[in-house]
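Computation of the quantities below employed the complete heavy-atom set of this structure, encompassing side-chain atoms and omitting hydrogens, waters and symmetry-equivalent molecules. Sequence lines set the chain letters: A, B, ... in the order given, protein chains first and strands last, and positions in each chain run from 1.
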2 protein chains.
Amino acid sequence: MGLTKTEKFTDLQNQIADFAKVFGHPARVAILEHLFQLNSCVCGDLVKEIGLAQPTISQHLKELKKLNLIKGNISGTSVCYCINSEKWTSMKTVMEQFLNQDLKNLNCC
Amino acid sequence: MGLTKTEKFTDLQNQIADFAKVFGHPARVAILEHLFQLNSCVCGDLVKEIGLAQPTISQHLKELKKLNLIKGNISGTSVCYCINSEKWTSMKTVMEQFLNQDLKNLNCC
DNA sequence: TTACTATATTGCAATATTACGATTAATAAA
DNA sequence: TTTATTAATCGTAATATTGCAATATAGTAA
């Protein structure tokens with residue numbers, strides 16, 4: 001049916017999946033890496049940088065904004081984007097807890 | 001067009017996106033958590049545990065196997081699944097490098 | 001052999017995602 | 001005001017994902 005049955009899972013499981021989903025496209029990974037590399041707001045040049053059409057980039061930015069991972073400040077005709085540090089940190093806590101599950105006691109057949 | 005333009009991105013960006021994508025569904029998160037919690041192979045009871053139909057679970061397992069994050073050992077009529085520790089560890093390295101980007105120097109407008 | 005059990009595969013319907021041209025909205029500059 | 005610039009939104013086509021019923025496959029047990 002193409003519709004995820006979120007009600008079958010815990011809030012945390014859905015939250016992990018939501019964060020992971022937004023990282024599940026290389027354009028969004030590239031956008032985030034670019035924002036980190038510049039250490040400041042990025043005003044405008046994302047379209048040139050990433051190499052996809054302007055509406056496509058805008059759509060990817062929208063998904064990152066939806067999860068609050070980035071902030072956009074209007075500055076004249078352009079919009080300046082940057083990482084939302086607080087949200088990034090709390091997201092990282094959730095994701096790392098998932099990634100850091102204990103491997104030591106695993107005994108498989 | 002519904003087709004990700006992977007050629008526009010680096011191998012690492014695509015790799016991060018591929019790992020993230022597989023974690024981007026709560027059923028797969030739940031399956032992995034279950035495998036970790038039991039600390040051993042899981043033979044059979046995943047369908048009951050997760051609460052989706054058998055073909056649906058089988059499909060999710062297939063995607064986890066495709067990325068080598070789990071191993072499946074045939075044992076009679078059932079198949080025993082467990083985390084692939086080596087792959088999990090290398091995946092974690094990639095993902096944590098992405099998550100742990102430096103937030104200190106970020107100065108936004 | 002036949003019957004049973006467990007998992008995989010197939011086929012399909014419903015929904016989601018990706019990408020972009022065209023348009024719109026909002027501000028800046030002339 | 002007019003024109004240019006920038007980003008968001010709309011509309012749409014192509015493809016991907018999710019979920020499951022039906023079926024196939026493979027092993028076990030009688």
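The side chain of B:K65 contributes an N or O atom lying less than 4.0 Å from OP1 or OP2 of C:dA8. Between A:Y81 and D:dT6 there is no side-chain polar atom (N or O) within less than 4.0 angstrom of OP1 or OP2. B:S58 has no side-chain polar atom (N or O) that falls below the 4.0 Å cut-off from OP1 or OP2 of C:dT7. Here B:T56 reaches the OP1 or OP2 of D:dC20: one of its side-chain N or O atoms lies under 4.0 Å away.
The listed nucleotides are D:dT17, D:dT15, C:dA28; the one nearest the side chain of B:K21 is D:dT17. With D:dG19, C:dT7, C:dA19 as the candidates, the nucleotide lying closest to the side chain of B:H60 is D:dG19. Among the nucleotides D:dA7, D:dA21, C:dT7, the one closest to any side-chain atom of A:V79 is D:dA7. For A:T77, the listed nucleotide lying nearest its side chain is C:dT27; candidates were C:dT27, C:dC20, D:dA8. Listed nucleotides D:dT6, C:dA8, C:dT18 differ in distance to B:L61; the shortest reach to its side chain belongs to C:dA8.
Side-chain atoms of B:Q59 and base atoms of C:dA8 include no donor and acceptor less than 3.5 Å apart.
Using modelled atom types, one side-chain atom of B:Q101 and one backbone atom of B:F98 make a donor-acceptor pair closer than 3.5 Å.
Between A:E63 and A:I74, the residue whose closest nucleotide on DNA chain C is further toward the 5' end is A:E63.
One atom, CD1 of B:I31, and another, P of D:dG19, lie 10 Å apart when rounded to the nearest Å.
Atom CG of B:L12 sits in a crowded spot, with more than 12 heavy atoms from other residues, nucleotides or ligands closer than 6.0 Å.
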